[in-house]
Amino acid sequence: MTSMPEKRVFSSKLLSCLIAISMFFLILSCSLIFRIGNNSLVPRSIYNLIVVDHGSIEPKSSPCKELCSQSQPIQRAAASCDPNQAILKVYMYDLPREFHFGLLGWIGDPTRLWPNVGNFSKIPRYPGGLNLQHSIEYWLTLDLLSSNMRNVPRSCTAILVHNSSQADIVFVPFFSSLSYNRFSKIEGTGNKSTNDILQERLVEYLKGRDEWKRFGGKDHLIMAHHPNSMLIARWKLGSAMFVLSDFGRYSNQIANVDKDVIAPYKHVVRTIDAKKSPSFEERPTLVYFQGAIYRKDGGVIRQELYYLLKDEKDVHFTFGSAVGGGIRKASTGMAASKFCLNIAGDTPSSNRLFDAIVSHCVPVIISDEIELPYEDVLDYSKFSIFVRASDACKNGYLMNLLRGINREKWTEMWDRLKQIAPHFEYQYPSRPGDAVDMIWKAVSRKVSTLHYKAHKKNRYNMSQQFLNSH
Ligand SMILES: *[C@@H]1O[C@H](CO)[C@@H](O)[C@H](O)[C@H]1NC(C)=O
Ligand SMILES: *[C@@H]1O[C@H](CO)[C@@H](O)[C@H](O)[C@H]1NC(C)=O
Ligand SMILES: *[C@@H]1O[C@H](CO)[C@@H](O)[C@H](O)[C@H]1NC(C)=O
Ligand SMILES: *[C@@H]1O[C@H](CO)[C@@H](O)[C@H](O)[C@H]1NC(C)=O
């Protein structure tokens, strides 16, 4: 009675072996689902855990490495992107390549206007460093180009259509931020820079198009993320919908929150894995700020805060640029801090906020004029602290406030940060809920408003026609 019969031992071994094998297949099939990228099958919480790509198109760091190097198209990805199911149908102008990938030095096949985005090794890279923070133009364009590719698994929010009368929005693929950053110098004997010339040509091109004339450009999407991009053209194209970082350098007629979309900067520090994010106790610095000093516009507050905070305990407050080693320092600095300051500089917004978010360092936003990406669907107060500039400059106000936030309250915000951080990732291919996907959705909400206004205008047309004909 004490020892088990031989047979039962054997069968229980067999049973556990079978369980192990079936577990193996279960895990294997799960990972296949991820690779196919049909994320509707993947629960949100699990999806959040696997977002590790940092806006890269490196096949090495891409989850679809195997997929994209396969020569056979994946039916499943194609089937999931039916134009009739997409939220946003986009028509894209075939602008000459000097407006987009030509600015990246792309030579490629001279007969093609666009790079083959189905082959990762053929996609031209966007210049690194601080250029990248305004690279929104690049990620949105790549995403559209891939929307008709069968072998690129992606979110199916926006899709490219080839008939402009079927489109919700007309996309203008001008890399205006790169054009400003790289081509603003006047070359040779002329008195204009390439950036000026491209903008003039763009205005001329758009004003001549039937698509523009149809709604006076209102249904056109123009990307101008760098605050100084489109400096000339913005005055002539103000009816269009802009993708911007903020409204700091725009007049209210040209750009406003009713018609335009605010997009996040692409963060420059590395994303912290949500599972490995340092907790309250593991972040020794209470308050972190690193940035440039500004003397003009709203930037004076940085200096005032510096004198208020510089001698406080557990506060890291330094002025310095974020290039080169600065980015690495900011990465480790933010990950070791509980609160990260975002103080208005020469513009209301900066990439620092998005660096803080992906570092899961609770942002303290001191910028009265700031506009935030997708704020209509995202409540920033759940994971950030807003302080009016006038309050922040009161002696002791800020430190009392932040020292008063206990572990429990901080951890609540930190948990929320870990959940929402994927909304601020730019990557190719795009995935459900990432920055590219969120921007398309924000655009589609603006398109609804556009349609609403247009329809309302039509209300009395029938009666008017009737009156006129009698
Ligand atoms: C992608 O491009 C590279 C470089 O031109 C080429 O060697 C490779 O065969 C291409 N892959 C596919 C799947 O076409
Ligand atoms: C584009 O779509 C419109 C409306 O759906 C249709 O009338 C027109 O024939 C289409 N044009 C082409 C070139 O297919
Ligand atoms: C550039 O030169 C042209 C012709 O010489 C002149 O008409 C124009 O005003 C100049 N533009 C600027 C910005 O100086
Ligand atoms: C209806 O009338 C308004 C105002 O007169 C005009 O702006 C609009 O274009 C008209 N709509 C159509 C469909 O003709």
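In each ligand, atom 1 is the first atom listed, and ligand 1 is the first ligand listed.
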Per-atom contacts of ligand 1 with Ser121, taking only distances under 4.0 Å to non-hydrogen atoms: 1 (C), 2 (O), 3 (C), 4 (C)
Could you tell me how the ring of Tyr380 sits relative to the ring of Phe386: parallel (under 30°), tilted (30 to 60°) or perpendicular (over 60°)? perpendicular
If you scan protein heavy atoms around atom 11 (N) of ligand 4, the nearest is Asn461 ND2, 2.6 Å
Do you see a protein non-hydrogen atom under 4.0 Å from atom 2 (O) of ligand 2? yes
Counting from 1, what ligand 2 atoms have a heavy atom of Ser165 closer than 4.0 Å? 1 (C), 2 (O), 3 (C), 4 (C)
Residue that, paired with His100, satisfies ring pair (Phe, Tyr, Trp, His ring centres under 6.0 Å) out of Trp114, Trp106, Phe174: Trp114
Do Tyr93 and His220 have ring centres separated by under 6.0 Å? yes
What protein heavy atom sits nearest atom 6 (C) of ligand 2, and how far away is it? Asn163 ND2, 4.2 Å
Provide, to 0.1 Å, the distance between atom 13 (C) of ligand 4 and the closest protein heavy atom, together with that atom's residue and name. Asn458 OD1, 3.7 Å
Which protein non-hydrogen atom lies closest to atom 4 (C) of ligand 4, naming both residue and atom, and how far is it? Lys457 O, 4.3 Å
Using the six-membered ring wherever Trp is involved, compare the ring planes of Phe319 and Phe289 and label them parallel, tilted or perpendicular (cut-offs 30° and 60°). perpendicular
Do me a favour and list the nearest non-hydrogen protein atom to atom 5 (O) of ligand 2 with residue, atom name and distance? Gln166 NE2, 3.4 Å
Name of the residue among Phe101, Tyr138, Tyr426 meeting ring pair (Phe, Tyr, Trp, His ring centres under 6.0 Å) with Tyr126: Tyr138
Do NZ/NE/NH1/NH2 and the carboxylate oxygens of Lys382 and Asp415 come within less than 4.0 Å? no
